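Note that the structure is predicted; figures quoted are calculated from it, not measured.
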There are 2 protein chains.
Amino acid sequence: MKLSAQEEYGLRCLLQLARAQTTGESLTLSQIAGQEGISSANAGKLMWILSKAGLVQSTRGTKGGYTLARLSSEIHLNQVIRVLEGEPAESHCKSYAGVLDACIHTGDCGIRPVIVELHQIVDNALAEITLSQLLGTEANVDAALHQIHGVKRSDTPSMGA
Amino acid sequence: MKLSAQEEYGLRCLLQLARAQTTGESLTLSQIAGQEGISSANAGKLMWILSKAGLVQSTRGTKGGYTLARLSSEIHLNQVIRVLEGEPAESHCKSYAGVLDACIHTGDCGIRPVIVELHQIVDNALAEITLSQLLGTEANVDAALHQIHGVKRSDTPSMGA
DNA sequence: TGCAATCTTGACTTAAAAGTAAGGTATGAC
DNA sequence: GTCATACCTTACTTTTAAGTCAAGATTGCA
């Protein structure tokens with residue numbers, strides 16, 4: 001129940017692009033990798049995943065680089081995490097379903113729906129945060145966090161109780 | 001942002017013990033492993049982690065086995081997940097902190113507090129669910145399946161298989 | 001046209017998690 | 001006291017995820 005390294009790095013790369021979007025720049029792999037302290041090869045892999053999913057746009061050749069495919073205010077964290085987990089941004093069938101694809105108890109073991117619901121809670125929380133909210137000042141971060149809390153309290157799990 | 005295999009199996013093993021608690025039984029490793037379809041060695045590893053953390057009690061020798069250390073209504077999922085992630089059940093210092101311990105941007109990168117807070121949300125959600133509530137969910141699922149599909153689960157007290 | 005910058009893609013290497021094996025140790029029954 | 005049962009613990013193997021490398025493809029510029 002943690003963010004994987006890939007998820008965290010991917011988020012950070014997107015945050016860089018969101019920052020660059022405000023000035024209209026595009027960023028090269030080496031720029032992105034340099035700021036995150038990871039190799040260009042690794043950053044390239046992440047950006048390829050993100051661009052394949054339609055979250056970023058790439059331009060080849062000299063003066064090429066990466067930009068966000070949409071406004072940073074239109075990119076929600078649940079899409080990002082889903083993509084970085086290896087699922088397409090639109091689909092929601094397998095995402096957040098846990099590592100064990102098949103339940104040996106044919107779906108009626110009781111814990112499965114709870115796990116799915118649990119992941120849904122996480123998804124809802126992430127869906128309320130956009131890249132633009134992550135940008136800039138501590139005030140923005142605080143605003144995002146307060147919004148999370150509001151969502152969490154109004155969207156309490158309805159299991160068992 | 002998924003449950004690891006270890007987390008999911010550990011939860012399932014605890015659910016078995018919670019079920020056994022209602023009849024005062026204890027379960028041996030081979031019983032637990034058999035029901036989950038995993039090896040006794042693997043189940044033993046999980047149970048050792050859980051007992052070391054004080055969530056289950058073990059009894060050696062003939063007639064030995066495992067029982068919950070507390071009432072199933074007093075064991076919350078956040079404790080379980082934390083333990084299965086490798087952190088002590090009481091502490092909260094490193095748990096849910098993500099894989100990347102240090103942020104190369106010395107804390108001002110904006111994403112770090114959000115990630116920490118995100119994991120806190122998950123923790124809060126998990127803290128509201130107890131093992132006994134999972135048993136209730138299981139019963140609900142059982143009833144729903146019976147009502148909708150006319151399916152009856154094979155052996156009610158012990159799940160499936 | 002040719003060169004340099006840059007993304008693209010598949011294969012490879014490395015690190016971490018998951019799972020297995022086996023011997024050790026405590027307990028209860030006889 | 002002896003033996004069978006069943007947990008305890010460490011070390012090992014397998015599997016999967018993470019990260020790297022290198023060759024290829026595309027674009028802009030001189």
Side-chain angles (χ1 to χ4, degrees), chain A residues 1-13 17 20 25-34 36-69 81 83-87 98-101 104, chain B residues 1-13 16-17 20 25-34 36-69 81 83-87 98-101:
Chain A
M1 213 69 205
K2 291 180 181 176
L3 282 181
S4 71
Q6 201 172 41
E7 288 164 5
E8 184 161 345
Y9 279 132
L11 258 180
R12 290 180 177 191
C13 293
L17 292 180
E25 304 172 74
S26 72
L27 297 178
T28 67
L29 270 187
S30 51
Q31 286 177 310
I32 295 173
E36 295 304 335
I38 61 179
S39 69
S40 291
N42 196 13
K45 197 180 201 175
L46 289 168
M47 298 312 292
W48 178 71
I49 292 172
L50 291 169
S51 80
K52 200 177 56 171
L55 291 180
V56 308
Q57 276 186 326
S58 62
T59 311
R60 287 180 159 189
T62 315
K63 304 283 182 185
Y66 294 95
T67 57
L68 290 184
I81 299 298
V83 163
L84 292 169
E85 277 177 350
E87 299 297 323
V99 212
L100 309 171
D101 275 0
I104 63 169
Chain B
M1 212 70 205
K2 291 181 179 176
L3 281 181
S4 70
Q6 200 174 42
E7 288 164 5
E8 183 160 347
Y9 279 132
L11 258 181
R12 290 181 178 190
C13 293
Q16 280 194 52
L17 291 180
E25 302 173 77
S26 73
L27 297 178
T28 68
L29 270 188
S30 52
Q31 286 177 310
I32 295 173
E36 295 302 336
I38 61 180
S39 70
S40 291
N42 197 12
K45 196 182 202 174
L46 289 169
M47 297 312 290
W48 178 72
I49 292 172
L50 292 169
S51 80
K52 198 178 57 171
L55 291 179
V56 309
Q57 276 185 326
S58 60
T59 311
R60 287 179 158 190
T62 315
K63 305 282 182 184
Y66 292 95
T67 58
L68 291 184
I81 298 297
V83 163
L84 292 169
E85 277 177 351
E87 298 297 323
V99 202
L100 309 171
D101 275 358

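- Residue A/Trp48 places at least one side-chain N or O closer than 4.0 Å to OP1 or OP2 of C/dT9.
- Look at OH on B/Tyr9: it is 14 Å from C1' on C/dT20, rounded to the nearest Å.
- Across the protein-nucleic acid pair, A/Leu50 atom CG and C/dT8 atom C1' stand 15 Å apart, rounded to whole Å.
- In this structure, the CG atom of B/Leu84 is 14 Å from the C1' atom of C/dA17, given to the nearest Å.
- Projected onto DNA chain C by closest heavy-atom contact, B/Gln6 and A/Lys45 fall at different nucleotides, the more 5' of which corresponds to A/Lys45.
- Counting any heavy atom pair closer than 4.0 Å across all strands shown, B/Thr59 reaches sugar-phosphate atoms only and no base atom.
- In this structure, B/Glu8 contributes its side chain and B/Leu3 its backbone to no donor-acceptor pair below 3.5 Å.
- Within the structure, every side-chain polar atom (N or O) of A/Ser58 is placed at least 4.0 Å from both OP1 and OP2 of C/dT6.
- The distance between atom CG of A/Leu29 and atom P of C/dA5, rounded to the nearest whole Å, is 15 Å.
- Atom CD of A/Gln6 is separated from atom NZ of A/Lys45 by 7.0 Å, given to the nearest 0.5 angstrom.
- As rounded to whole Å, 12 Å separates atom P of C/dT6 from atom CD1 of A/Ile32.
- At least one side-chain nitrogen or oxygen of B/Ser4 sits closer than 4.0 Å to the OP1 or OP2 atom of C/dA18.
- As a whole-Å value, the separation of B/Leu27 CG from D/dA6 P is 12 Å.
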With a cut-off of 3.5 Å and sequence neighbours excluded, list every side-chain donor-acceptor pair involving residues 55-68 of chain B.
none

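- With rounding to the nearest 0.5 Å, the separation of CE in B/Met47 from CG in B/Asn42 is 12.0 Å.
- With D/dT9, D/dG19, C/dT20 as the candidates, the nucleotide lying closest to the side chain of A/Ala5 is D/dG19.
- In this structure, B/Asn42 places its CG atom 13 Å from C1' of D/dT14, rounding to the nearest Å.
- With rounding to whole Å, B/Leu46 atom CG is found 10 Å from C/dA18 atom P.
- The two residues A/Glu7 and A/Lys2 make their nearest non-hydrogen contact at OE1-O, 4.1 Å.
- When the side chain to side chain donor-acceptor pair (under 3.5 Å) test is applied to B/Ser30, the partners found at least two apart in sequence or on another chain are B/Thr28.
- For the contact set between residues 60-68 of chain A and DNA chain D, defined by any heavy atom under 4.0 Å, the members are A/Arg60, A/Gly61, A/Thr62.
- Looking at heavy atoms from C-beta onward, B/Leu84 lies in side-chain contact with B/Leu46 at the 4.5 angstrom threshold.
- Checking the phosphate oxygens (OP1, OP2) of C/dT20, a side-chain nitrogen or oxygen of B/Ser39 falls inside 4.0 Å.
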